[in-house]
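Input: a single structure, listed below in structure tokens.
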Amino acid sequence: MSPTPSHQTLHIDWTKCDGRGLCTELIPDLLERDKWGYPVARKSAPADRSNVDVAYTRLEAAREAVELCPLLALSLGPVRQT
Amino acid sequence: MTLTGSTGIHQESRAPRADARLFAGIADPGYAAHLATFGPLNFAVIGSELVAELERSGLTGRGGAGFPAGQKSRAVLLGSARGWTPSSVVIANGAEGEPRSLKDSTLLRVAPHLVIDGLLASARALGASKMYLYASGAGLEFVRHAIAERKDARGIRLVEAPDTFVSGEASAVVNSIENGVALPKDRVVRLTTSGLRRRPTVVHNIETLAHVALIARYGAGWFRAAGTNGDPGTRLVTVSGSIVAERVLEVPGDQSVREILAACGCAENNVGAVLVGGYHGAWLGRAQLGTPLSAAALAPYGAHPGAGVLYVIGAEECGLRISADIVRFLATESARQCGPCMFGLPEMANILNRIAVGQKDRSLRRELESLMGSVIGRGSCHHPDGTARFVASTLRTFSADVEAHFTGHCVRCHGI
């Protein structure tokens with residue numbers, strides 16, 4: 001499937017994430033928390049759970065999550081081809 | 001002697017036999033003996049054609065992941081063809097974090113010049129400006145000695161790898177050389193695009209490079225004459241555990257686990273199971289010993305040749321106890337950078353241990369499976385994935401044992 005320009009990928013840097021959980025409150029439709037408090041993608045490829053597909057309609061909220069993450073563990077980028 | 005193109009790739013009468021290639025010069029690791037055994041390699045004529053030769057050879061990485069060596073090199077060439085990129089870096093990775101693997105340290109001891117040849121040839125093929133060799137302190141001693149014997153290897157920088165499980169992971173290798181921290185890093189682009197100091201970087205296992213040294217001499221056709229079409233060439237394996245003596249062997253591709261064990265004098269009826277591919281690998285039960293040691297043949301068992309580790313456990317040893325110890329080791333070797341790995345692996349070790357010691361609680365199995373689901377794909381390296389894969393294989397291969405343990409018995413060691 002070719003990448004759709006209106007979609008973006010939210011990347012979780014696990015080495016920075018401390019499980020504060022702000023992102024899971026800002027985009028609960030995309031991320032939930034695991035038993036330790038770390039974000040889990042509600043939908044993602046099983047082998048690529050560090051990258052969450054973000055639809056155009058949720059880009060604004062995802063951007064806010066990136067900006068407000070206290071540990072700078074999130075980034076938004078073009079859709080990655082795996 | 002036939003010469004193909006300008007790569008200097010030729011078939012020579014002195015090309016080693018199909019079953020002892022990397023170890024053809026095992027009697028003497030010195031440079032003169034190396035040249036006498038393998039013949040000289042004319043580096044001046046090596047160019048990007050070597051990458052095509054590697055692609056034709058079907059050589060896969062021998063460090064664990066098994067990625068095609070030619071394809072990895074090609075990625076760097078394609079990147080530089082697309083526009084201006086800084087010159088590339090080639091890293092020879094001899095960090096052997098797998099506790100049951102000895103093949104890389106053995107190779108550096110008996111054939112350091114093959115590894116050096118492979119590194120020099122790869123750097124020429126990619127037009128690389130920097131070369132590194134990363135290995136344990138003991139391994140580097142052999143390399144230092146070898147470099148002093150020749151004039152063309154002075155440009156290789158040696159970096160010592162710490163003795164940890166994750167130190168050989170590609171991003172940890174780059175991080176160690178660049179920052180002195182041998183821990184995996186978060187990556188959003190491939191190392192072949194942006195690696196060491198943002199240069200396109202190829203990290204090859206040292207055994208892979210030793211094969212490159214021979215392919216550069218004798219060609220892809222010669223390489224493929226050993227092994228099978230699906231698994232060409234030879235590979236080094238380390239056989240350990242419940243056998244007479246730990247051994248490193250060179251075996252042709254697609255050789256069955258049974259044949260390899262037989263070559264080590266291991267009687268089949270004493271074998272309980274064999275761990276294939278190291279601590280991130282998978283168990284083969286006694287009924288599966290006919291399986292060839294190749295990626296394709298092992299895939300149905302969730303296994304992979306990995307770095308060529310075969311760890312044998314005896315028929316009367318409890319696979320669950322041994323597996324629980326291995327998972328505990330893997331948990332302590334977590335770099336503790338990524339939460340799911342830092343918390344999930346110790347919990348997995350704990351639950352597997354409770355099953356191993358015979359706690360009569362069937363919910364432990366479900367709990368373990370749920371933890372595996374919680375860690376897979378959620379780290380900056382594949383340590384959690386590899387550990388989960390190993391646990392899945394343990395539950396699968398020893399499923400009858402797990403059931404017996406839930407009733408308070410062990411079918412292997414007749415006790416708990």
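Lettering follows sequence order; numbering is per chain, from 1.
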Open item on the list: What residues of residues 196-204 of chain B make heavy-atom contacts with chain A at a cutoff under 4.5 angstrom?
Closed with: none

Task: Neighbours of chain A found in residues 328-341 of chain B - heavy atoms under 4.5 Å - done: B:Gln337, B:Cys338, B:Gly339, B:Pro340

Atom pair [atom1] ([X]) and [atom2] ([Y]), whose distance is rounded to the nearest 0.5 Å:
X	Y	atom1	atom2	answer
B:Arg378	A:Ile12	CZ	CD1	7.0 Å
A:Asp34	B:Leu371	CG	CG	10.0 Å
A:Lys16	B:Ser380	NZ	OG	11.0 Å

TODO: Output the residues of residues 64-76 of chain A for which the shortest heavy-atom distance to chain B is under 4.5 Å, in residue-number order; output 'none' if no such residue exists.
DONE: none

- [ ] Heavy-atom distances under 4.5 Å only: say whether A:Asp13 touches chain B with side chain, backbone, both or neither.
- [x] both

- [ ] Over 60° means perpendicular and under 30° means parallel, so classify the ring planes of A:Trp36 and B:Phe343, tilted if in between.
- [x] parallel

Task: Verdict with reasoning, B:Met342 to A:Tyr38, per side chain to side chain contact (heavy atoms under 4.5 Å, CB included) - done: CA-CA 11 Å; B:Met342 179 165 64; A:Tyr38 294 93; 3.9 Å; yes

Open item on the list: To check you understand the geometry: which heavy-atom pair defines the closest contact between A:Ser50 and B:Gly379, and what is its length?
Closed with: OG-O, 4.0 Å

- [ ] Scan for salt bridge (charged side-chain N to carboxylate O under 4.0 Å, His left out) pairs involving residues 161-184 of chain B, sequence neighbours excluded, and state none if there are none.
- [x] B:Glu169-B:Arg187

Open item on the list: With a sphere of 6.0 Å drawn around CZ of B:Phe67, does it hold more than 12 non-hydrogen atoms of other residues, nucleotides or ligands?
Closed with: yes

TODO: For B:His382, look at atom NE2 and say whether over 12 heavy atoms of other residues, nucleotides or ligands are found less than 6.0 Å away.
DONE: no

- [ ] Measure from the side-chain N and O atoms of A:Arg49 to the backbone N and O of B:Ser374, and report whether any donor-acceptor pair falls under 3.5 Å.
- [x] no

